[in-house]
Participant: 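Take a look at the following structure, please.
Chain letters run A, B, ... following the sequence lines, proteins first and then strands; every chain starts at 1. Model, not experiment: these values are computed from the prediction.
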2 protein chains.
Amino acid sequence: MTDLHTTNALRLLQAADDFRAGLSGEFAAVHGISVNEFLLMLHLERSAAKRLSRVDLAKRMHVSASTITRMAAPMEKIGLVDREIDARDARLVFVVTTDAGREKLFQALATFSKRAGDLFDDRWDDEEVEKFASMVRRLMAATGDMLA
Amino acid sequence: MTDLHTTNALRLLQAADDFRAGLSGEFAAVHGISVNEFLLMLHLERSAAKRLSRVDLAKRMHVSASTITRMAAPMEKIGLVDREIDARDARLVFVVTTDAGREKLFQALATFSKRAGDLFDDRWDDEEVEKFASMVRRLMAATGDMLA
DNA sequence: GCAAATTAATTGCGTTTGCAAGCATATTGC
DNA sequence: GCAATATGCTTGCAAACGCAATTAATTTGC
């Protein structure tokens, strides 16, 4: 319990929750999307083929496949994403961002970056920021085509 | 978007989500509680008075007060927590852990620590772990009586 | 080449959550 | 001391989510 690894893991969860909570309100108010909708589009943007199947998205976002289906439906309706069918495998239904979706993504990303700047504020020097980047990179479960 | 602060914030979210997802399954299977129920009891344990009102818990956990009400109800029913009334302010309903709840908390904490050990595995040396601790500490929104 | 097993997506159902309204108690302003 | 305001908690309602079952399509074993 006083083990430093445990403390670090707890702080990791808390810091991420704090940051996400702050983001959530601003995203809803300014951009009209949820953090999860933002992350969905970001995953698409960062994928090699700029498109992902529902199960791929589900794995990356740690949600069930049915959640992706139900998240994508309203996003299609308001024109943020579209669906694409694979010619070789008729089971696959890819999610792709529309131009409007990509624009919305970049707007939201600007808000995200502003918040990220506040998070790593003045008291962090460049070397520390770099060091943190390499550390937190090691913490992510590596999957090749994953988020940043 | 390629800004290092932004990358760090994204990785922070992803790493925390990855870790939480892994924890979630094991907590449900081994201990029969959710990560949020675990964190609720942990917040109580770490609070100065070993008890917190519903709104205090809500703020620390970034959920609504109604969620705390609805989380606490089944936890009271199975004997993990209990309620305490404040003599001076009849509006307050404190949540406190029972002995059984504290035991469950420590069991879950052992699982948590094991996972945390896997997260910061062999490739991290002591100095790095210490460095990470001080860094992620700065990232948490300071509230005095907060989580670790 | 075909049956069996696997994989992808969707839908029904129950659970969890947030928002807004409502109620009870405290605090403030005068 | 009392009305107005603020705070803490709970509940109704709707949105979001996971699990299990279903359907459709592909892959595997022989």
Participant: Given atom CZ of B:R70 and atom C1' of C:dT15, what is their separation to the nearest angstrom?
Facilitator: 11 Å

Participant: Between A:K131 and B:E128 (salt bridge meaning N to carboxylate O under 4.0 Å), is one present in this structure?
Facilitator: yes

Participant: Starting at atom CD of B:E84, determine the distance to atom P of D:dG8, rounded to an integer number of angstrom.
Facilitator: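 One finds 18 Å between P of D:dG8 and CD of B:E84, rounded.
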
Participant: In whole Å, I'd like the distance from the CZ atom of B:R88 to the C1' atom of C:dT27.
Facilitator: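 Distance, rounded to whole Å: 16 Å.
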
Participant: Rounded to the nearest Å, what distance is computed from the CZ atom of residue B:R83 to the P atom of nucleotide D:dC9?
Facilitator: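 Value for this atom pair: 10 Å.
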
Participant: Taking 4.0 angstrom as the limit, do A:D82 and A:R51 come out as a salt bridge?
Facilitator: no

Participant: Is the ring centre of A:F27 less than 6.0 Å from the ring centre of A:F112?
Facilitator: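 Distance test on ring centres: not under 6.0 Å, no.
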
Participant: Within less than 4.0 Å of OP1 or OP2 of D:dT10, is there a side-chain N or O belonging to B:T69?
Facilitator: yes

Participant: Would you mind telling me which residue lines up with the more 5' stretch of DNA chain D, A:N36 or A:D89, judged by nearest nucleotide?
Facilitator: A:N36

Participant: Between the base of D:dC19 and the side chain of A:S66, is one N or O donor paired with an acceptor at under 3.5 angstrom?
Facilitator: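 Looking at the base of D:dC19, it does pair with a donor or acceptor on the side chain of A:S66 (distance under 3.5 Å).
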
Participant: One thing to verify: whether A:K114 and A:E26 come together as a salt bridge, which I'm taking to mean a side-chain N less than 4.0 angstrom from a carboxylate O.
Facilitator: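 Here A:E26 pairs with A:K114 in a salt bridge, since their nearest N and O are under 4.0 Å apart.
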
Participant: With a non-hydrogen cut-off below 4.0 angstrom, is B:S34 in contact with a base, only sugar-phosphate, or nothing?
Facilitator: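 The residue B:S34 makes no contact with any strand.
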
Participant: Between D:dC17 atom P and A:E37 atom CD, what is the distance in whole Å?
Facilitator: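 It is 8 Å, rounded to the nearest whole Å.
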
Participant: Given atom CG of A:L57 and atom P of D:dC17, what is their separation to the nearest angstrom?
Facilitator: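 So the CG-P distance, A:L57 to D:dC17, works out to 13 Å.
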
Participant: Out of D:dT11, D:dC9, C:dT10, which nucleotide sits closest to the side chain of A:R54?
Facilitator: C:dT10

Participant: Let me spell it out: for each of A:M71 and A:A87, pick the nucleotide of DNA chain D with the closest heavy atom. Which residue's pick is nearer the 5' end?
Facilitator: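 Going by which nucleotide is closer to the 5' end, it is A:M71.
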
Participant: Measure from the side chain of A:R91, starting at C-beta and using heavy atoms only, and say which of C:dT25, C:dT7, D:dC9 lies closest.
Facilitator: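 Of all the options, the side chain of A:R91 is nearest to C:dT7.
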
Participant: Round to a whole Å and report the spacing from NZ of B:K77 to P of C:dT15.
Facilitator: 13 Å

Participant: Could you list the residues that satisfy side chain to side chain donor-acceptor pair (under 3.5 Å) with A:S53, not counting sequence neighbours?
Facilitator: none

Participant: How many Å lie between CG on A:L92 and C1' on D:dT26, as a whole number?
Facilitator: 10 Å

